[in-house]
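Below is one structure; the comments refer to it alone.
The residues of the chain are indexed from 1 along the displayed sequence.
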Amino acid sequence: MSEQELKALRLRIDSLDEKVLELISERARCAQEVARVKMASLAEGEVPVFYRPEREAQVLKRVMERNKGPLGNEEMARLFREIMSSCLALEQPLKVAYLGPEGTFTQAAAMKHFGHAVISKPMAAIDEVFREVAAGAVNFGVVPVENSTEGAVNHTLDSFLEHDMVICGEVELRIHHHLLVGENTKTDSISRIYSHAQSLAQCRKWLDAHYPNVERIAVSSNAEAAKRVKGEWNSAAIAGDMAAGLYGLTRLAEKIEDRPDNSTRFLMIGSQEVPPTGDDKTSIIVSMSNRPGALHELLVPFHENGIDLTRIETRPSRSGKWTYVFFIDFAGHHRDPLVKSVLEQISQEAVALKVLGSYPKAVL
Ligand SMILES: O=C(O)C(=O)C[C@]1(C(=O)O)C=C[C@@H](O)C=C1
């Protein structure tokens, strides 16, 4: 390519950037107008709701449907995710608590869902995320709920039994683990490997094959594991890209998770009800009396009404020995007439039924 050609193309890019800049600014001014309208239409004592997950899902889907490339749909939606995040921050900067410390996959999930224009607050434990949201110190919380290799995150399920929370969104993240070392690590003398228990489990076979005799030490998070390695010469950590970058560690081995499709699902929790989008999920907790056929009775209405169950999990109820609660996710919104009637049928048989929330299915 000649210098001349390159120069002409760069001039074209400059001119396009000016248009993109103007359009983004116009969009941001429009969002400010939206905020003004929302404020003006408030009833006496009503609190304005700036963050609208149902609208965000609609915007991102529309972008993906209309995208003609060459950028892929996910890439394009990611860019719009950030534009919308910045527009929302002009209306109201969202405060989001997540399972920290900085550099965890939960932080990456929070950024994937809300974009980078939020004020994010790392918490030391899942229960603290719930408490922070309940206390009103933040608008939303982000917690892991299930992993495709290791199953349910029980701390999260149990926290739902203790706090009144509304689920207002979900996000899925591909989890890639790396074996990380610091500048001073003697790589041929590694005698301990730190990570979160879930991550150690997700890399069990790889560790058995490559480091069978090295001590595996479970710590509170992958980011904490990365932090420890920085100051030790004989240890390594299993963690992801964010933690590696944050603590300046290098990858001794990449993508060491046993299953290549290893993914974690995260939930956004808050107090805001989300209206239907037409492509939603609902999460409920149900407790049934301890008698034969109870689980069958619980599931029949879903089957008879053709409602797609996406997940069912059992946990001890904490209100009696050998009594259980079921966490159920299914397709649909609790305001859909069909879902409403199924929930009514179940509540007639159940000891207790609680709708944790209906929310748009993950777009990104
Ligand atoms: O449509 C709205 O209600 C807006 O506030 C605008 C907007 C956007 O930028 O498109 C911003 C934040 C909301 O979460 C949803 C959408």
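- Contact of the L179 side chain with the I238 side chain is registered, since non-hydrogen atoms from C-beta on lie closer than 4.5 Å.
- Within the structure, ring-ring contact (aromatic ring centres under 6.0 Å, His included) pairs that include any residue of residues 260-305 comprise F302-F330 (at least two apart or interchain).
- A salt bridge links R228 and E224; the closest N-O separation between the charged side-chain nitrogens and carboxylate oxygens is under 4.0 Å.
- In this structure, R311 pairs ionically with E313, as a charged nitrogen and a carboxylate oxygen lie closer than 4.0 Å.
- Note on residues 184-198: pairs passing salt bridge (Lys or Arg N to Asp or Glu O under 4.0 Å), not counting sequence neighbours, are R192-E232.
- Of all heavy-atom pairs between S358 and G332, the closest is OG-O, 4.4 Å.
- L295 and L353 end up in the same hydrophobic cluster when Ile, Leu, Val, Met, Phe, Trp and Tyr side chains are linked at under 4.5 Å.
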**Request:** Evaluate the side chain to side chain donor-acceptor pair (under 3.5 Å) criterion for residues D329 and T310: first the C-alpha distance (whole Å), next the side-chain angles of each, then the deciding distance (0.1 Å), finally the verdict.
**Result:** CA-CA 5 Å; D329 289 352; T310 54; 4.6 Å; no
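- Contact annotation: the side chain of L343 never approaches that of S347 to less than 4.5 Å [non-hydrogen atoms, C-beta and beyond].
- Scanning both residues, V133 and G270, for their nearest heavy atoms gives CG1-CA, 3.7 Å.
- A salt bridge between D258 and R204 is absent, with no side-chain N of the basic residue lying under 4.0 Å from a carboxylate O of the acidic one.
- The closest side-chain heavy-atom distance from L298 to I328 is below 4.5 Å.
- When side chains are defined from C-beta on, Y359 does not count as touching P53, because their heavy atoms never get closer than 4.5 Å.
- One hydrophobic cluster, built from ILVMFWY side chains closer than 4.5 Å, cannot hold both I126 and V142; they sit in different ones.
- By the rule that hydrophobic residues join a cluster once side-chain heavy atoms approach within less than 4.5 Å of another member, V325 and M165 end up as members of one cluster.
- The shortest side-chain heavy-atom distance between S221 and L99 does not fall under the 4.5 Å cut-off.
- Of all heavy-atom pairs between A243 and A239, the closest is CB-CB, 3.9 Å.
- Side chains of Y51 and N139 form no contact here, defined as non-hydrogen atoms less than 4.5 Å apart.
- In this structure the side chain of Y247 never reaches within 4.5 angstrom of the side chain of V229, judged on heavy atoms.
- If you chain together hydrophobic residues whose side chains sit under 4.5 Å apart, L173 and M242 never meet in one group.
- Between H155 and F130, the ring centre distance reaches or exceeds 6.0 Å.
- K121 and E128 are not joined by a salt bridge, as no carboxylate oxygen comes within less than 4.0 angstrom of a charged side-chain nitrogen.
- The side chain to side chain contact (heavy atoms under 4.5 Å, CB included) check on V363 picks up A57, L60, K61, M64, with sequence neighbours excluded.
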**Item:** Full working for salt bridge (Lys or Arg N to Asp or Glu O under 4.0 Å) between D308 and K281
**Value:** CA-CA 10 Å; D308 184 17; K281 252 189 200 176; over 6 Å; no
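- The heavy-atom pair separating I269 from C168 by the smallest distance is C-SG, 4.4 Å.
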Report, one line per pair, each donor and acceptor closer than 3.5 Å where one atom sits in a side chain of residues 32-40; sequence neighbours left out.
{"residue": "E33", "atom": "OE1", "partner": "R36", "partner atom": "NE", "Å": "3.3"}
{"residue": "E33", "atom": "OE1", "partner": "R36", "partner atom": "NH2", "Å": "2.9"}
{"residue": "E33", "atom": "OE2", "partner": "R36", "partner atom": "NE", "Å": "3.4"}
{"residue": "K38", "atom": "NZ", "partner": "F50", "partner atom": "O", "Å": "2.9"}
{"residue": "K38", "atom": "NZ", "partner": "E91", "partner atom": "OE1", "Å": "3.4"}

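- Every side-chain hydrogen bond (donor to acceptor under 3.5 Å, both in side chains) that T149 has, sequence neighbours left out, goes to N262.
- Residues Q107 and P122 have side chains not in contact (no heavy-atom distance under 4.5 Å, counting atoms from C-beta outward).
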Under 3.5 Å, sequence neighbours excluded: what are the donor-acceptor pairs made by side chains of residues 6-26?
{"residue": "E22", "atom": "OE2", "partner": "R29", "partner atom": "NH2", "Å": "3.0"}
{"residue": "S25", "atom": "OG", "partner": "L21", "partner atom": "O", "Å": "2.9"}

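- Salt-bridge formation is not detected for the pair K112/E172: no Lys NZ or Arg NE/NH1/NH2 atom is positioned less than 4.0 Å from an Asp or Glu carboxylate oxygen.
- The two residues L42 and E46 make their nearest non-hydrogen contact at CD1-O, 3.5 Å.
- Contact detail for I312 and L299: the closest heavy-atom pair is CD1-CD2, 4.0 Å.
- In this structure, a donor-acceptor pair under 3.5 Å is absent between the side chains of H334 and D280.
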